[in-house]
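Heads up: the structure comes next, in structure tokens.
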Amino acid sequence: MMDRNQALDDLKTIRQIMKRTQREAGRHGGWFILIAGVMWLVGFTANQFLPEKYAGLTWAVVNLGGMIAMIWAGIRLVKNGDIRTTMWKPIFFFWVILAAFAMLLGWLFGVNNSVQIGLLALLVAALGYIQIGAIFQSLHISITGILVAMLAVGAFFLMPDHFLLAMALLGGGLLIGSGLWMIRSRR
Amino acid sequence: MGELNPLIHQPTRLRIMAALVSLESDEKADFGFLRDLLELTDGNLSAHLQKLEEAGYVDIEKVFEGRRPKTWVSITAEGHDAFSEHVDALAKIIYN
């Protein structure tokens, strides 16, 4: 007959293993966050320092490169990943719908300068991270989203003249750091 | 409330089931992933998985991906129920 302490030990073991499994299974999501971080760093730096025309061109190149990198990372994960899942398609469509939603919001509210566009994109992306983190029970991804939203709003009000640079360095840096931390996090 | 399940009660199998139950419903774990996660040897993990498979608690799929053999492991609905009942039984011991 099992006593209370043994039962407590077993439940503790179950909790630890479940937590570790979820962390390890979600580790590869770090690559996508890392790629997004590099995109933000390059894109927002261009917004801060380059004329609008060239910044737009930079974003086009960054978006194309980032999309190719994410598709490549996705294919690698499907081929060599530790966890086989059919969730990639819904995740992809989730981000496409979210991007379309952001564009619709921008159009409806007449968002037309690079700072406002940047803030809107950041807040919608942060919402996406929070949602994805909630769906996959990954606290790291959700916290990254919350921090991105707080940074974006804070920088928008506290340093409006350097908002884009702040987002490049702080937002991009946060995503790159979070991505690296998730990839390298081991039990 | 369920009863303690003698098959799942074994410490290594308890850990295997806990790992599998925490994946999403459509997800399967690679054999090597489970082995490294639970710090087991190939033989040890194989033996315990076989017992769980015989009980209908896990599903084991051996495939070739390219030229590499790959073993995918997932929990069955029956395994889910059995694990939940086992956890309920543990809770019952603690709170009674």
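Because the structure is a prediction, the values reported are computed rather than measured. In what follows, chains are A, B, ... by sequence order, proteins preceding strands, each numbered from 1.
The hydrophobic clustering, which links ILVMFWY residues whose side-chain heavy atoms are closer than 4.5 Å, places Phe163(A) and Leu123(A) together. Tyr95(B) is connected to Leu8(A) through a chain of hydrophobic side-chain contacts under 4.5 Å among Ile, Leu, Val, Met, Phe, Trp and Tyr, so both are in one cluster. Two different hydrophobic clusters hold Trp72(A) and Val38(A) under the rule that ILVMFWY side chains link at heavy-atom gaps under 4.5 Å. Taken together through direct or relayed side-chain contacts under 4.5 Å among Ile, Leu, Val, Met, Phe, Trp and Tyr, Met150(A) and Met167(A) form parts of separate hydrophobic clusters. Cluster membership for Val96(A) and Met67(A), using ILVMFWY side-chain heavy atoms within less than 4.5 angstrom, is not shared.
Using a 4.5 Å cut-off between heavy atoms, Asp3(A) contacts chain B through its backbone alone, with no side-chain atom that close. Residue Phe31(B) does not touch chain A at all, counting heavy-atom pairs closer than 4.5 Å.
In terms of heavy atoms, Arg20(A) sits closest to Leu37(B) at NH1-O, 3.0 Å. Ala7(A) and Ile94(B) get closest at one heavy-atom pair: CB-CG1, 3.7 Å. The shortest heavy-atom contact between Leu90(B) and Met2(A) is CD2-SD, 3.5 Å.
With rounding to the nearest 0.5 angstrom, the CG atom of Leu14(B) is 11.0 Å from the CG atom of Asp9(A). The line from CD1 of Ile8(B) to CG of Asp10(A) is 11.5 Å long, rounded to the nearest 0.5 Å.
Listed options Pro11(B), Ala29(B), Ala19(B) were ranked by heavy-atom pairs under 4.5 angstrom with chain A; first place goes to Ala19(B). For the options Glu61(B), Met17(B), Lys70(B), heavy-atom pairs under 4.5 Å to chain A are most numerous at Glu61(B).
Results of the side-chain contact (heavy atoms from CB on, under 4.5 Å) test with Thr21(A) over Leu20(B), Leu34(B), Leu38(B), Leu23(B) single out Leu23(B) as the only residue that passes.
Within a 6.0 Å radius of NE2 in His80(B), other residues, nucleotides and ligands contribute more than 12 heavy atoms. Within 6.0 Å of the CH2 atom in Trp59(A), the count of heavy atoms belonging to other residues, nucleotides or ligands exceeds 12. Other residues, nucleotides and ligands contribute more than 12 heavy atoms inside 6.0 Å of the CD atom of Gln6(A).
With hydrogens and angles disregarded, no donor-acceptor distance shorter than 3.5 Å links the side chain of Arg15(B) to the backbone of Ile17(A).
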